[in-house]
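Reviewing the structure listed below.
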Amino acid sequence: MKIKKSEFIISATKREQYPTEAIPEIAFVGRSNVGKSSLINMLLNRKKLAKTSSTPGKTRLINFYSIDDKFRFVDLPGYGYAKVSKSEKEKWDAYISDYLTYREFLLSIFVLVDSRIGPTTLDRDMIQMVKDLGYDVHVILTKKDKVKNNHLYKMKQILLKELGLKADNIIECSSLNRDGKYKFWDHLNDIFKQSGIDIFMEKQ
Ligand code: GTP
Ligand code: MG
């Protein structure tokens, strides 16, 4: 299918506020400022659907986006933002872990890692949490345009060797250059197929 309609559904914190229609959800998690909202916009060919900012801490709630009422993208608050209070940080972490732990429609989790920095301690904790919850780990290396190929290669080696990721589950992206979009959709098509979900996204 081609995307006809992508729309913002709701910002939520509590489980009771999550959308109720039983369609699969794809979650994007990662450090504050890693590029989650920008990635969602790039994937959906939209400029400003998800709000982005050069200042970290823009997405503070769980934002749900519906794609043709067939599946949803879920933009989670960023973790590791130093400039918020401890109690605020704990609140965001609780939103994230609550969603990941209890969401019955959650099909797949993409952890975004900044290509420049590589997996931080918090990213490693998140990857471990995804594994512990029984999900496959998919990593998106963001801001590919900011690094040289040999640096990107090193970051990938860390993900493969230290964190045990499968090569197929690492996608390099640049939202700036619209790079990695087709690879992402191919990958998601594989996930849909493996899960017996009858959705196939065409290139667009
Ligand atoms: P929070 O909502 O704070 O958790 O951040 P986020 O992960 O949603 O990041 P966001 O998409 O708002 O992007 C943060 C900053 O990085 C913005 O200034 C973006 O323009 C920039 N950015 C995002 N993706 C890319 C990319 O691929 N390349 C470059 N060069 N900059 C990017
Ligand atoms: Mg955001």
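Residue numbers count from 1 along this sequence. Keep in mind it's a predicted model, so treat the numbers as computed, not measured. Just so you know, ligand 1 is whichever comes first in the structure, and atom 1 is the first atom listed for that ligand.
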Check: What pair of heavy atoms forms the shortest contact from Gly78 to Trp92, and how long is it?
Finding: O-CE3, 3.4 Å
Check: Which protein non-hydrogen atom lies closest to atom 18 (O) of ligand 1, naming both residue and atom, and how far is it?
Finding: Ser54 CA, 3.3 Å
Margin query: Could you tell me, atom by atom, which parts of ligand 1 come under 4.0 Å of a heavy atom of Ser174?
Written below: 27 (O)
Check: Under 4.0 angstrom from ligand 1, any heavy atom of Val34?
Finding: yes
Next item on the list: Could you pull out the closest heavy-atom pair between Ile127 and Val111, with the gap in Å?
Entry: CG1-CG1, 4.2 Å
Note to self: What I want to find out is whether Asp69 reaches Lys5 closely enough, with some N-O distance under 4.0 Å, to be called a salt bridge.
What the structure shows: yes
Checklist line | Closest protein heavy atom (residue, atom, distance) for atom 5 (O) of ligand 1 | finding: Asn33 N, 2.9 Å
Next item on the list: Tell me how many protein N, O or S atoms are closer than 2.8 Å to the Mg ion (ligand 2).
Entry: 2
Check: Quick one: does Leu141's side chain get under 4.5 Å of Ile170's, heavy atoms only?
Finding: yes
Notebook entry, point to check: Should the proximity of Asp145 to ligand 1, defined as any heavy atom under 4.0 Å, be assigned to the side chain, the backbone, both, or neither?
Noted result: side chain
Check: Gly78 heavy atoms, cut-off 4.0 Å: which ligand 1 atoms fall inside?
Finding: 4 (O)
Note to self: Check for me whether Ser53 has a heavy atom closer than 4.0 Å to any atom of ligand 1.
What the structure shows: yes
Item checked: Ser37, portion touching ligand 1 at heavy-atom distance under 4.0 Å -> both
Check: Any side-chain heavy atom of Asn45 sitting closer than 4.5 Å to one from Arg178?
Finding: yes
Next item on the list: For this output row, return yes or no: ring centroids of Phe110 and Phe184 closer than 6.0 angstrom.
Entry: yes
Margin query: To the closest 0.5 Å, what do you measure between CD (Glu172) and CG (Asp179)?
Written below: 8.0 Å
Next item on the list: Answer yes if Val34 and Leu49 sit in the same cluster of Ile, Leu, Val, Met, Phe, Trp and Tyr residues linked by side chain heavy atoms under 4.5 Å apart, and no otherwise.
Entry: yes
Margin query: Within the 4.0 Å heavy-atom shell around Gly35, which atoms of ligand 1 are there?
Written below: 6 (P), 7 (O), 9 (O), 10 (P), 11 (O), 13 (O), 23 (C)
Notebook entry, point to check: What is the closest protein heavy atom to atom 27 (O) of ligand 1, and at what distance does it sit?
Noted result: Ser175 N, 2.8 Å
Check: Where on Lys144 is there a heavy atom closer than 4.0 Å to ligand 1, on the side chain, on the backbone, on both, or on neither?
Finding: neither
Next item on the list: State the NZ-CD1 distance between Lys144 and Ile171, to the nearest 0.5 angstrom.
Entry: 11.5 Å
Check: If we ignore angles and hydrogens, is there a donor and acceptor under 3.5 Å between the side chains of Ser6 and Arg46?
Finding: yes
Note to self: For Asn41 and Ser38, which I'm curious about, is there any donor-acceptor pair between the side chains at under 3.5 Å?
What the structure shows: no
Notebook entry, point to check: Going by atom types alone, do Asp114 and Thr142 pair a side-chain donor with an acceptor below 3.5 Å?
Noted result: no
Margin query: Could you tell me, atom by atom, which parts of ligand 1 come under 4.0 Å of a heavy atom of Ser38?
Written below: 10 (P), 11 (O), 13 (O), 19 (C), 23 (C), 24 (N)
Next item on the list: Could you tell me whether Ser32 and ligand 1 have an N or O pair separated by under 3.5 Å?
Entry: yes
Margin query: Cation-pi check for Phe28 against Lys36: NZ or CZ below 6.0 Å from the six-membered ring centre and within 45 degrees of the axis, yes or no?
Written below: no
Check: Considering Lys36, Lys51, Lys143, which one's heavy-atom position lies nearest to atom 32 (C) of ligand 1?
Finding: Lys143
